[in-house]
Amino acid sequence: MSVDGETERLKTEADEPGWEVDPDDEWGLAVIATVGRQLRLRREAVGMRVADFGRAVGYGEDMVRKIESGKRIPQPGYLDKGDEVLGAGGLISAMKEDVEKVRYPKQVRDLAQLEARAVELLSYGNHNLHGLLQTEEYAWALLRTRRPVPPEGQLEQAVAARMARKVIYERSPAAEFSFVLEETTLRRPVGGKMVWRRQLEHLLEMAQLRNVEIQVMPMDRWDHPGMGGRVQVLKFGDGSAVGRMDDEFNGRPVHDPRQLRILELRYGIIRAEALTARESLSFVEQLVGET
């Protein structure tokens, strides 16, 4: 394939970092193996060689083989182009939804599935803003503080997964959200002044949603059970729930009603100690004015 008389460079693994399959993700491995097998069978059915198919979709032969053997996650554009080249009538492109899920770490997928079932979410954070409240650029800045620094592709994957969880806000009927944010998380200029300001403005927008309540815990209020760390509870329509707290039950998720009662008791006290939603809105507006 050529462009303006020059040979077009075909994509290699170096062009797409972060699209490897997690070896511990059994569901993800099965999905990618199935997608790869379907691609190979359709390519062989039309009598197209690996090298020819690779040139047609803009990828090197080695990449095509790895995707067909289930060792690499194909990008959406690869599937769309492959569908067109192989005349699959949209059947290959239809695989994009499951393939996209595989890109997200298993623990994030599990969390997203729980959030998707929840009818009520309670969250107290004393270190960073909850992922469901973060802007994309704030999430990028936050994740880049990790050490050792993850590969850019891995960061891209983590940010995309975090943003994808926000689909929960579009659900009908809507879930109820209660967030209590420590004042320090709002004053810390993560990502620099402009990223920080846009994040604060985003919080103001979120606070306008009828099913979202945001409260601020002032720094001078220390006599509450949130001093031990984050508290999170997800309640489901069948009456069950799951929750966790950093300094309780070894920080592990719990389902037992007796343990959940402790978390809800603590969250209730935290919520009562924080500013009201109206006071919190005014507080964030004041911070925006100061930035």
Side-chain angles (χ1 to χ4, degrees), residues 15-20 75-76 100 103-109 111-112 115 121-170 177-209 211-222 226-227 229-232 244 246 251 270 274-275 277 279-291:
D15 298 309
E16 295 182 354
W19 288 76
E20 300 83 6
Q75 289 218 23
E100 182 181 14
R103 275 216 73 199
Y104 307 149
K106 183 178 183 300
Q107 63 183 28
V108 176
R109 288 205 312 270
L111 175 59
E115 290 174 343
L121 180 149
L122 313 176
S123 173
Y124 163 74
N126 63 350
H127 191 59
N128 293 312
L129 297 179
H130 193 287
L132 291 175
L133 293 176
Q134 295 176 13
T135 64
E136 184 171 346
E137 55 187 355
Y138 181 98
W140 268 106
L142 197 61
L143 291 170
R144 282 196 172 108
T145 65
R146 291 180 176 178
R147 295 295 184 274
V149 180
E152 196 72 7
Q154 187 175 327
L155 287 175
E156 178 187 344
Q157 183 180 17
V159 172
R162 186 165 297 183
M163 295 301 105
R165 287 166 50 203
K166 292 189 176 186
V167 71
I168 188 175
Y169 291 121
E170 303 170 9
F177 299 88
S178 169
F179 299 98
V180 180
L181 315 174
E182 276 287 344
E183 179 182 344
T184 53
T185 65
L186 301 176
R187 291 192 176 278
R188 185 176 295 119
V190 174
K193 186 173 181 178
M194 292 310 299
V195 171
W196 175 38
R197 180 185 176 88
R198 284 191 287 267
Q199 176 62 67
L200 293 175
E201 291 172 339
H202 179 66
L203 290 178
L204 293 177
E205 294 173 3
M206 295 299 299
Q208 299 302 319
L209 299 178
N211 60 320
V212 176
E213 183 172 86
I214 296 176
Q215 294 176 255
V216 176
M217 179 68 78
M219 288 189 292
D220 60 1
R221 298 185 187 180
W222 58 270
M227 298 302 289
R230 296 171 298 173
V231 181
Q232 295 183 327
R244 66 180 297 274
D246 288 343
I270 291 170
L275 299 177
E279 292 169 339
S280 298
L281 185 63
S282 297
F283 182 88
V284 177
E285 288 174 339
Q286 180 180 337
L287 283 180
V288 171
E290 295 172 357
T291 60

**Student:** Quick one: CG on Leu200 to CD on Glu205, what's the gap to the nearest 0.5 Å?
**Tutor:** 11.5 Å

**Student:** What closest approach, in Å, do Gly191 and Ala141 show between heavy atoms, and which atom pair accounts for it?
**Tutor:** CA-CB, 3.5 Å

**Student:** Of all the heavy-atom pairs spanning Arg162 and Ala139, show the shortest one and how long it is.
**Tutor:** CD-CB, 4.1 Å

**Student:** Walk me through whether Asn128 and Arg188 qualify under side-chain contact (heavy atoms from CB on, under 4.5 Å).
**Tutor:** CA-CA 9 Å; Asn128 293 312; Arg188 185 176 295 119; 4.1 Å; yes

**Student:** CD/Gln199 to CE/Met206 distance, rounded to the nearest 0.5 angstrom?
**Tutor:** 10.0 Å

**Student:** With rounding to the nearest 0.5 Å, note down the distance linking CD in Gln215 to CD1 in Ile270.
**Tutor:** 10.5 Å

**Student:** For Asn126 and Gly226, work out which heavy atoms get closest and say how close.
**Tutor:** ND2-O, 3.7 Å

**Student:** Enter the distance from Thr145:OG1 to Trp140:CH2 here, rounded to the nearest 0.5 Å.
**Tutor:** 13.0 Å

**Student:** Roughly how far, to the nearest 0.5 Å, is the CE atom of Met217 from the OG1 atom of Thr185?
**Tutor:** 11.0 Å

**Student:** Nearest 0.5 angstrom please: Ser123 OG to Leu132 CG, how far?
**Tutor:** 8.5 Å

**Student:** Sequence neighbours left out, what passes ring-ring contact (aromatic ring centres under 6.0 Å, His included) with Phe177? Give chain and number order.
**Tutor:** Tyr169

**Student:** Could you go through Glu152 and Arg144, starting from their C-alpha distance and side-chain angles, then the distance that decides it, and tell me whether this counts as salt bridge (charged side-chain N to carboxylate O under 4.0 Å, His left out)?
**Tutor:** CA-CA 9 Å; Glu152 196 72 7; Arg144 282 196 172 108; 2.8 Å; yes

**Student:** Given side chains that start at C-beta, do those of His130 and Gln232 come closer than 4.5 Å, heavy atoms only?
**Tutor:** yes

**Student:** Taking ring-ring contact (aromatic ring centres under 6.0 Å, His included) as the definition, give me every residue that meets it alongside His202, ordered by chain and number, with sequence neighbours left out.
**Tutor:** none

**Student:** Which pairs would a plain distance check flag for residues 283-291, meaning a side-chain donor or acceptor within less than 3.5 Å of a matching protein atom at least two apart in sequence or in another chain?
**Tutor:**
unit_1: Gln286; atom_1: NE2; unit_2: Glu290; atom_2: OE2; d: 3.3
unit_1: Thr291; atom_1: OG1; unit_2: Arg197; atom_2: NH1; d: 2.9
unit_1: Thr291; atom_1: OG1; unit_2: Val288; atom_2: O; d: 2.8

**Student:** Output, in order, the C-alpha distance, side-chain angles, deciding distance and verdict of side-chain contact (heavy atoms from CB on, under 4.5 Å) for Val190 and Val195.
**Tutor:** CA-CA 7 Å; Val190 174; Val195 171; 5.7 Å; no

**Student:** Might you point out which heavy atoms bring Ala277 and Glu213 nearest each other, and give the distance in Å?
**Tutor:** CB-CG, 3.8 Å

**Student:** Of all residues at least two apart in sequence or in a different chain, which pass the side-chain contact (heavy atoms from CB on, under 4.5 Å) check with Pro189?
**Tutor:** Trp196

**Student:** Could you tell me which residues satisfy side-chain contact (heavy atoms from CB on, under 4.5 Å) with Asp246, sequence neighbours excluded, listed by chain and number?
**Tutor:** Arg230, Arg244

**Student:** So, do Leu133 and Leu203 sit near enough that their side-chain heavy atoms are less than 4.5 Å apart?
**Tutor:** yes

**Student:** Would you please name every residue forming a side-chain contact (heavy atoms from CB on, under 4.5 Å) with Ala207, sequence neighbours left out?
**Tutor:** Ile214, Leu281

